[in-house]
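Working notes for the structure below.
Here is the naming used below: chain letters follow the sequence lines, and residue numbers restart at 1 for every chain.
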Amino acid sequence: MRPAEEIDVSDRSLPPFHEKIETRGLKASFGSNMVLKGIDLRIPENKITAVMGPSGCGKTTFVRCLNRLHELTPGATVEGEALLDGKDIYDKSVDPVDIRRRVGMVFQKPNPFPTMSIFSNVVAGLTLNGVRGKEVLERTAERSLRAAYLWDEVKDKLGNSGASLSGGQQQRLCIARALAVEPDVLLMDEPCSALDPTATAKIEELMTMLKHDYTIIIVTHNMQQASRVADYTGFFYLGKLVEFDETARLFENPREELTERYITGKFG
Amino acid sequence: MTGLILLAVAVAVVPLLLIIGDVVAQGAPAMSLAFLTNTPTPPGVPGGGIASAIQGSVLMVGLATLIAVPIGVGAGIYFSEWPESRLSFLSSFTNDVLAEFPTITLGIFVYLIIVLATRSFSALAGAIALAIVMLPIVARTTEESLKIVPVSLREASMALGVPRWKTVLRVVIGTGKAGLGTGVLLSVARAAGETAPLLLTALYSPFIPRSLFLPAGSIPYLIYYYGLSPFADWRTAAWGAALLLVAFMLLLNLTVKVFIGRRFSGVRAEF
């Protein structure tokens, strides 16, 4: 038996990829409570990257830093860099509104606008920003709803309230709404945690279709989900990135003991 | 225990019913179309009405609404959406104090800055005094109804690349508008029934208001003025005016209930 330190790990470097997002020493706090303690992570383009970890590990805060939503919480602050296509989104010259148009988000709980119809919900990102043209809106609505695989289910009732749909349909409506503003990146914060298994399967299938056009980051505490959909997975623990790797390798052969203990269910 | 609670409910409700019953019984004989459309007559001269007081009230409450609603809604939006600013905290606190202020002192304030300056009691001064009464109510109800709009909706909008101010104007107010309407109606009801702010500002006039810069009658003032008079026909007219005012209040309160009912019974789609 050879000693443990002789195990060859030199081949564990990731195959090269083109990164869409890169964070450098990204720190985030609520007041004096630092919840992200310096994250260095490269997120590959047109892939699904899972951000996984136990509750309170900072995974949601991490993605909320990527579209500058974190800073909207009173008392919340961010340090470090987050590069989108090589440019720091926290640079003083950058308008957070532009970043949010390029980095869409789907939330944990489906949150369609309750006073708006299905149609108005899908195109809300356009109409709220002053787009008026009826034809443009109709085309965008159909395109986005088709992309979210919701078109066939709602095409005859676009005037109904968005809140009248089932939970899974509402979540796909929210995905369609995010896609309508044509982002490059889609952040999904535990998008299935409020859904039943059938609706979850639909969303996961949808994600694998969408990754050809979008860079997707999904937050999940569900390891099965990460292993099912994600090409890459980052394991977060107590505000730090413990390990980042191709999903299959991370699950089958983790480098870090902490990761191994988490995926074998020894804590979490 | 249940008995005690029922007793408490009875103690709370019975006086209200007695008052309404009394107002209806005493005011109904005065009610007629002529009563609402004629101007007052001297004591003992039949055919008098309260048209000048109704129009004075409508004029002053209307003008007060025009002043108080934009300012109050604006302040309420600020309290709700920018709570982290020190100005917001200070003015929100001031707003609370203002809401509790004795209304007669608001009248004195307006007397000092408007009535003395213009050397005349006037409908304008009355409207400004009523606006100050309405302002904190509108601001507070606006703040409360916007605060209950879930953060998730604000974030949904912001995450779509909608700027904060557009999110507030279109999404937050769009979702909270039923509550906003409720606040405006409640403040109108309150202003329409106020007497004290008008004592030192609009004073009273038996004539149809023709100018904002002349004294003007109002329903509450007429009730006070006629009710104290020794003339039986004037006192009957005071009951009639009281009935009109109470009916108006009940109508507004019912409307508010419908508003709130709609807010909580679900959502209406607009295509």
Please classify the contact of A/Val106 with chain B as side chain, backbone, both or neither, using a heavy-atom distance under 4.5 Å.
neither

A/Pro183, part contacting chain B, at a heavy-atom distance under 4.5 Å
neither

If every non-hydrogen atom of [X] is compared with every non-hydrogen atom of [Y], which pair is closest and at what distance?
{"X": "A/Leu128", "Y": "B/Arg170", "answer": "CD2-CB, 3.3 Å"}
{"X": "A/Arg64", "Y": "B/Glu155", "answer": "NH2-OE2, 2.6 Å"}
{"X": "B/Thr175", "Y": "A/Pro114", "answer": "CG2-CG, 4.1 Å"}
{"X": "B/Ala159", "Y": "A/Met105", "answer": "CB-CB, 4.1 Å"}
{"X": "A/Phe107", "Y": "B/Ala156", "answer": "CE1-CA, 3.9 Å"}
{"X": "A/Arg101", "Y": "B/Pro163", "answer": "NH2-CD, 4.4 Å"}

Contact check, side chains of B/Leu160 and A/Arg100, non-hydrogen atoms, under 4.5 Å
no

Any side-chain to backbone donor/acceptor pair from A/Asn111 onto B/Ser152? Under 3.5 Å, distance only.
yes

How about [atom1] on [X], more than 12 heavy atoms from neighbouring residues, nucleotides or ligands closer than 6.0 Å, or not?
{"X": "A/Lys157", "atom1": "NZ", "value": "yes"}
{"X": "B/Phe89", "atom1": "CZ", "value": "no"}
{"X": "B/Lys166", "atom1": "NZ", "value": "yes"}
{"X": "A/Tyr90", "atom1": "OH", "value": "yes"}
{"X": "A/Lys47", "atom1": "NZ", "value": "no"}

Name of the residue among A/Leu72, A/Asn67, A/Val97 meeting side chain to side chain contact (heavy atoms under 4.5 Å, CB included) with B/Met158:
A/Leu72

Under 4.5 Å from any heavy atom of chain A - which part of B/Ser157
both

